[in-house]
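To start, the structure under review is shown below, and the notes come after it.
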Amino acid sequence: MTIATPSETVIDFADNRLLALLCGEYDRNLALLEERLKVHILHRGNRLTVVGDPVARQDAARVIDALQARLVAGRPVDPADIDRALRMRSPLREGGARQMDMFPDGDRVDIQTRRKLVEPRTDAQKAYVRALFANELCFGIGPAGTGKTYLAVAVGVSLFLGGHVDRIILSRPAVEAGERLGFLPGDMKEKVDPYMQPLYDALNDFLPQRQLQKMLEEKVIEIAPLAFMRGRTLANAYVVLDEAQNATTMQMKMFLTRLGEGSRMVITGDRTQVDLPRGTRSGLADAERILNGIDAISFNYFTARDVVRHPLVAAIISAYDRDEEERVD
């Protein structure tokens, strides 16, 4: 129960165990809220008292209520969850959609894999996961750290484990990120693996190491550069193209036309991180322009609000976005 007076906001907790989890060890979670919202939070018994500016107190109460709902639903609360809740709070003040619904009780969109249950954290991520399950072709477009590839791979593993697809194919353009790496020693796999490592990292989160290794050896899971997709027809497969902003227009068309019977395809990319040579058009931008409006193709967009990496990543992305807007103006 929350009670507001002109000078303070009081939040009562019926379950002291949940209150202790919300506060964190040595009240570190409360300290984070105090620092970010510029309020003072007193913890006495089963009660939190928030003192400070009325708008800041209202924000604090909303964040605390959302975190409490998360704990009631059996989910943990850590500093990253608090950071996301703080970033989601502003639309509430501005009268926008309830971004704080990232912590609902009855609106769960979880992805079951062999090693872990994957939880979309923001409204955009939930919409994206729903689209991945519902559509044969999905685009996930937005900045780094928003979970575009991670969630796409998680859904692929879930669909494979459920028998909905026979194999998983993950691909990326083998484009250097603004630097020349020179000659790479080894066979073809050893040459391209550095480009594919983020995809291996995601798979390692979802499947036991031995099972993953066996699936890779049997080519049930295949990780390959985009150039290797030419001439193939991918039937009964879950196919992901990551870093699609670095595919040319012709490569993108080639990849999209690989879609076969019983397959699903996901294209992820960040329009602000194109590493193609100057003057080369990004296939992602062209696909977005050409295909937008076609039924059964879903376009899902992310912003800095959806970043699920270190909190500084969201701040960095926002700073770069502001700088880009100022240059355009």
Side-chain angles (χ1 to χ4, degrees), residues 75 84 101-102 104 107-172 196-208 211-212 215-216 219-224 226 229 234-245 255-256 258-270 284 287-288 291 294-302 306-309:
R75 302 186 180 194
R84 283 187 287 276
D101 283 347
M102 62 182 283
D107 191 26
R108 299 180 67 159
V109 188
D110 296 335
I111 309 163
Q112 184 63 61
T113 69
R114 194 56 55 84
R115 292 190 68 174
K116 65 191 297 187
L117 187 70
V118 181
E119 172 195 354
R121 299 297 185 109
T122 69
D123 285 346
Q125 288 184 348
K126 288 180 186 177
Y128 179 53
V129 170
R130 291 192 185 100
L132 290 172
F133 281 111
N135 295 280
E136 294 179 340
L137 177 57
C138 289
F139 285 78
I141 300 172
T146 51
K148 305 180 301 293
T149 304
Y150 192 81
L151 292 172
V153 175
V155 169
V157 170
S158 177
L159 289 173
F160 174 81
L161 294 175
H164 302 287
V165 294
D166 296 335
R167 54 183 173 150
I168 299 171
I169 299 174
L170 310 177
S171 184
R172 277 184 143 200
M196 307 295 129
Q197 191 58 51
L199 301 175
Y200 286 110
D201 292 342
L203 287 169
N204 277 315
D205 265 8
F206 307 139
L207 292 166
Q211 182 181 10
L212 174 58
M215 293 171 74
L216 289 168
K219 293 195 177 295
V220 174
I221 294 181
E222 184 179 349
I223 300 178
L226 175 58
M229 295 293 105
L234 307 173
N236 300 312
Y238 184 90
V239 192
V240 178
L241 175 59
D242 188 31
E243 298 290 338
Q245 74 276 2
F255 184 80
L256 291 171
R258 301 307 95 197
L259 186 64
E261 189 69 29
S263 289
R264 292 173 178 266
M265 188 172 281
V266 187
I267 316 293
T268 67
D270 178 358
L284 177 62
E288 185 181 0
L291 302 179
I294 296 179
D295 291 341
I297 299 180
S298 171
F299 285 87
N300 300 268
Y301 296 92
F302 301 87
D306 302 301
V307 170
V308 291
R309 291 182 183 168

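Residue indices begin at 1 and follow the sequence shown.
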Practice prompt. List for me each residue that meets side chain to side chain contact (heavy atoms under 4.5 Å, CB included) alongside Val118, sequence neighbours excluded, and say none if there are none.
Written response: Ile111, Thr113, Lys116, Tyr150, Leu151, Ala154, Phe206
Worksheet, complete the sentence: Taken in chain and number order and not counting sequence neighbours, the residues that satisfy side chain to side chain contact (heavy atoms under 4.5 Å, CB included) with Arg115 are Pro208
Worksheet item: Are Ile223 and Leu203 close enough, and set up right, to give a side-chain contact (heavy atoms from CB on, under 4.5 Å), and what steps lead you there?
Response: CA-CA 11 Å; Ile223 300 178; Leu203 287 169; 3.7 Å; yes
Taking ring pair (Phe, Tyr, Trp, His ring centres under 6.0 Å) as the test, write out the residues that go with [X], two or more places apart.
X      : result
Tyr238 : none
Phe255 : none
Phe160 : none

Tell me, do [X] and [Y] make a side-chain contact under 4.5 Å, heavy atoms counted?
X      : Y      : value
Val157 : Arg114 : no
Ile169 : Met229 : yes
Arg172 : Pro198 : yes

Worksheet entry | Main-chain N/O of Pro143 paired to Lys148 side chain as donor or acceptor, under 3.5 Å | yes
Worksheet item: Is the side chain of Ser298 donor-acceptor paired with the backbone N or O of Cys138 at a distance under 3.5 Å, no angle test?
Response: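 Such a contact is absent between Ser298 side chain and Cys138 backbone.
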Quick check for you: to the nearest 0.5 Å, what is the distance between [X] atom [atom1] and [Y] atom [atom2]?
X      : Y      : atom1 : atom2 : result
Leu207 : Leu216 : CG    : CG    : 9.0 Å
Arg167 : Met215 : CZ    : CE    : 12.5 Å
Glu119 : Lys126 : CD    : NZ    : 8.0 Å
Asp306 : Tyr301 : CG    : OH    : 14.0 Å

Practice prompt. For Thr122 and Thr146, run side-chain contact (heavy atoms from CB on, under 4.5 Å): C-alpha distance rounded to whole Å, both residues' side-chain angles, the deciding distance at 0.1 Å, then the answer.
Written response: CA-CA 9 Å; Thr122 69; Thr146 51; over 6 Å; no
Response to the item:
From the list Val240, Leu241, Leu199, side-chain contact (heavy atoms from CB on, under 4.5 Å) partner of Ser171 resolves to Leu241
Discussion item. Minimum heavy-atom separation for Val129 and Pro120, please, with both atom names.
Written reply: CG2-CG, 3.6 Å
Fill in: Considering all heavy atoms, the nearest Tyr128-Gly147 contact
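Where Tyr128 meets Gly147 most closely, the heavy atoms are CE2-O, 4.2 Å.
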Item to complete: Can you label the angle between the Phe139 ring and the Phe299 ring as parallel, tilted or perpendicular, going by 30° and 60°?
Response: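 Because their plane-to-plane angle is under 30°, the rings of Phe139 and Phe299 count as parallel.
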Worksheet entry | CD (Gln211) with more than 12 external heavy atoms under 6.0 Å |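 Counting other residues, nucleotides and ligands, CD of Gln211 exceeds 12 neighbours.
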Worksheet entry | From CA spacing to verdict: side-chain contact (heavy atoms from CB on, under 4.5 Å), Asp205, Val153 | CA-CA 10 Å; Asp205 265 8; Val153 175; over 6 Å; no
Item to complete: Start with the C-alpha distance between Arg258 and Val239, add both sets of side-chain angles, then the distance that settles side-chain contact (heavy atoms from CB on, under 4.5 Å), and finish with yes or no.
Response: CA-CA 10 Å; Arg258 301 307 95 197; Val239 192; over 6 Å; no
Ignoring hydrogens and angles, write down the donor-acceptor pairs under 3.5 Å from the side chains of residues 259-270, residues two or more places apart or on other chains.
| unit_1 | atom_1 | unit_2 | atom_2 | d |
| --- | --- | --- | --- | --- |
| Ser263 | OG | Leu234 | O | 2.4 |
| Ser263 | OG | Asn236 | N | 3.0 |
| Ser263 | OG | Ala237 | N | 2.9 |
| Ser263 | OG | Ala237 | O | 3.3 |
| Arg264 | NH1 | Leu132 | O | 3.3 |
| Arg264 | NH1 | Phe133 | O | 3.0 |
| Arg264 | NH1 | Asn135 | O | 2.9 |
| Arg264 | NH2 | Phe133 | O | 3.2 |
| Thr268 | OG1 | Thr149 | OG1 | 3.2 |
| Thr268 | OG1 | Asp242 | OD1 | 2.8 |
| Asp270 | OD1 | Thr272 | N | 2.9 |
| Asp270 | OD1 | Thr272 | OG1 | 2.7 |
| Asp270 | OD2 | Thr272 | OG1 | 3.2 |
| Asp270 | OD2 | Gln273 | NE2 | 3.2 |

